[in-house]
Amino acid sequence: MSAPATELASGKLLLDEPAADLARVRIANPEKRGALDHEMLDALAETVRTLDARCLVITGTGNVFSAGYDIGNLEAANFEESAESLVAHPFHAALEALEAYEYPVVAALNGHAIGGGLELALTADIRFAARGVKLGMPPAKLGLIYSHTGLRKFLDVCGPAHTAEIFFVGSNMDADRAAAIGLVNHVVEADELEEAALGMAAEIAANAPLSLKGNKRILRALRDVPQRLPAELQRELVELRESCFFTEDFREGVKAFGEKRKPQWKGR
C-alpha cells in the first residue's frame, strides 16, 4: 500500500508515489477549477526541483485539470501591475522547473485544460487525455498577447498552422481533435485514464535511468538550439507581450469574462 499523499500549497497540490521510482503531482483546487495561483506555482517549482523519480506524472482531481490563471481575482486598483505579476515569475518558474526535470514527465488530463493549464500540460513530454475533455487557449478573447516562450511550445508540438488556429480562433477543442493535431498522445475513456497514464509512467520509470536522462537531454537540445532568439528580438517580444496589460482591450476582456458577456473591442 502506497503512503498517503503529501499536501502542498495548503492542500491545493498533492504529491505521492503510486509506484517505484514514480512521482505524481495532482492539482487539487476544484473550487477554482484547478486555477494556478502563486502559492501553487511556487510549491510546484520548489517540489519539482527536489524530486529524483525516474518519471513524473502531472494530473488533476475532479473534472478539470486546470483552467489556467484565476483572472477573476485581478484587482481593479493597480490592474496592470496585478495582471503582469499574475503571469510573470511564478508561472514561468514552475514551467522552467518542469522543463528542466531530468527524467520524463507525463501529463494526464483528467478534465479541461485551458490557457495556462494547457501550457502546463504541453511542458510534459507525453500527454494523455480523457475523452470528452476540452482544451483551449483564450488569449484572443481576453485581449491578451501570449508569451513567445509559451507560443513556442505549441509550435514545437503541433506546428505553425495548428498553432495559428488555436490562438487566432480561441475556441476550445475536444480531446480527439487535440490528438489529431498532436496536442495529446493518447485519448482514453475517463475511467481508464489513471490506469493508462500510470501504466506507461511505471514502464518508463522501470527503464534505464541513464538512458532516460540522456535521451531527454538530447531531445530537448535538438528542439531548443535552432530556435534561440537574438537578445534584441527576445526583448522586443517580451515588451510586446507586456504591452497588452496596459490596454483598454485587455481590461475589457477580463471584465467581460467575469460578467459572462461578449467584449466590446476598441483596438487600443
Would you say that more than 12 heavy atoms from the other residues, nucleotides or ligands in this model lie under 6.0 Å from the CG of D52, or not? no

N-O pairing of D37 and K32 below 4.0 Å: no

Side chain proximity check, F128 to V106, heavy atoms < 4.5 angstrom: yes

CD (E203) with more than 12 external heavy atoms under 6.0 Å: no

Can you find a heavy atom in the side chain of L237 that is under 4.5 Å from one in the side chain of R235? no

On a heavy-atom basis, which atom in L240 and which in S243 lie closest, and how many Å separate them? O-OG, 2.6 Å

Would you compute the distance between atom CG of L95 and atom CG of L120 and round it to the nearest 0.5 angstrom? 5.5 Å

Distance-only, no hydrogens or angles: does the D249 side chain make a donor-acceptor pair with backbone N or O of W265 under 3.5 Å? no

Between D125 and K216, is there a side-chain N and carboxylate O pair less than 4.0 Å apart? yes

Taken in chain and number order and not counting sequence neighbours, the residues that satisfy side-chain hydrogen bond (donor to acceptor under 3.5 Å, both in side chains) with Y103 are none

Run F65 and I27 through side-chain contact (heavy atoms from CB on, under 4.5 Å) and show every step you take. CA-CA 7 Å; F65 173 73; I27 300 169; 4.2 Å; yes

State plainly whether one hydrophobic cluster holds both V188 and I204, where clusters connect Ile, Leu, Val, Met, Phe, Trp and Tyr through side-chain heavy atoms under 4.5 angstrom apart. yes

Do K153 and E99 sit within salt-bridge range, that is, some charged N less than 4.0 Å from a carboxylate O? yes

Test your reading of the model: is there a side-chain donor-acceptor pair from T123 to the backbone of E119, 3.5 Å cut-off? yes

Less than 4.0 Å between a side-chain N and a carboxylate O, is that true for R131 and D174? no

Whether over 12 other heavy atoms sit under 6.0 Å from E46 CD: no

For K134, is there any backbone N or O sitting under 3.5 Å from a side-chain donor or acceptor partner on H112? yes

Do other residues, nucleotides or ligands put more than 12 heavy atoms under 6.0 Å from E189 CD? yes

For R127 and A124, indicate whether the former's side chain and the latter's backbone hold a donor-acceptor pair under 3.5 Å. yes

Would you check if the side chain of S66 reaches a backbone N or O of G34 as a donor-acceptor pair within less than 3.5 Å? yes

Check against side-chain contact (heavy atoms from CB on, under 4.5 Å), V25 and L44: CA-CA 8 Å; V25 173; L44 180 61; 4.1 Å; yes

Spacing of F167 atom CZ and F154 atom CZ [to the nearest 0.5 Å]: 4.5 Å

Test of understanding: clusters of I, L, V, M, F, W, Y form through side-chain heavy atoms closer than 4.5 Å, transitively. Do L98 and M200 belong to the same one? yes

Any side-chain to backbone donor/acceptor pair from R26 onto I58? Under 3.5 Å, distance only. no

Are side-chain heavy atoms of P104 and I126 found at a separation under 4.5 Å? no

Distance in Å, N29 CG paired with L36 CG, rounded so as to fall on 0.5 Å steps: 8.0 Å

Check this for me: E232, atom CD, are more than 12 non-hydrogen atoms of other residues, nucleotides or ligands nearer than 6.0 Å? no

Mark yes or no for whether N63, through its side chain, and G111, through its backbone, hold a donor-acceptor pair below 3.5 Å. no

List the steps and the verdict of side-chain contact (heavy atoms from CB on, under 4.5 Å) for I114 and L135. CA-CA 6 Å; I114 309 297; L135 300 88; 5.7 Å; no

Is any NZ, NE, NH1 or NH2 atom of the basic residue among E165 and R177 found under 4.0 Å from an Asp or Glu carboxylate oxygen of the other? yes

Residue list, side chain to side chain contact (heavy atoms under 4.5 Å, CB included) with L51, at least two apart or on another chain: L15, A23, T47, L56, Y101

Verify, without hydrogens or angle tests, whether T163 (side chain) and P160 (backbone) share a donor-acceptor contact under 3.5 angstrom. no

When you measure from the side chain of N110 to the backbone of G62, do you find a donor-acceptor pair of N or O atoms at a distance under 3.5 Å? yes

Between E17 and R24, is there a salt bridge with N-O shorter than 4.0 Å? no

Considering only NZ, NE, NH1 and NH2 on the basic side and carboxylate oxygens on the acidic side, decide whether R217 and E102 come within less than 4.0 Å. no

Ion pair check, R261 and E252, cut-off under 4.0 Å: yes

I'd like to know whether CD of E39 has more than 12 heavy-atom contacts from other residues, nucleotides or ligands below 6.0 angstrom. yes

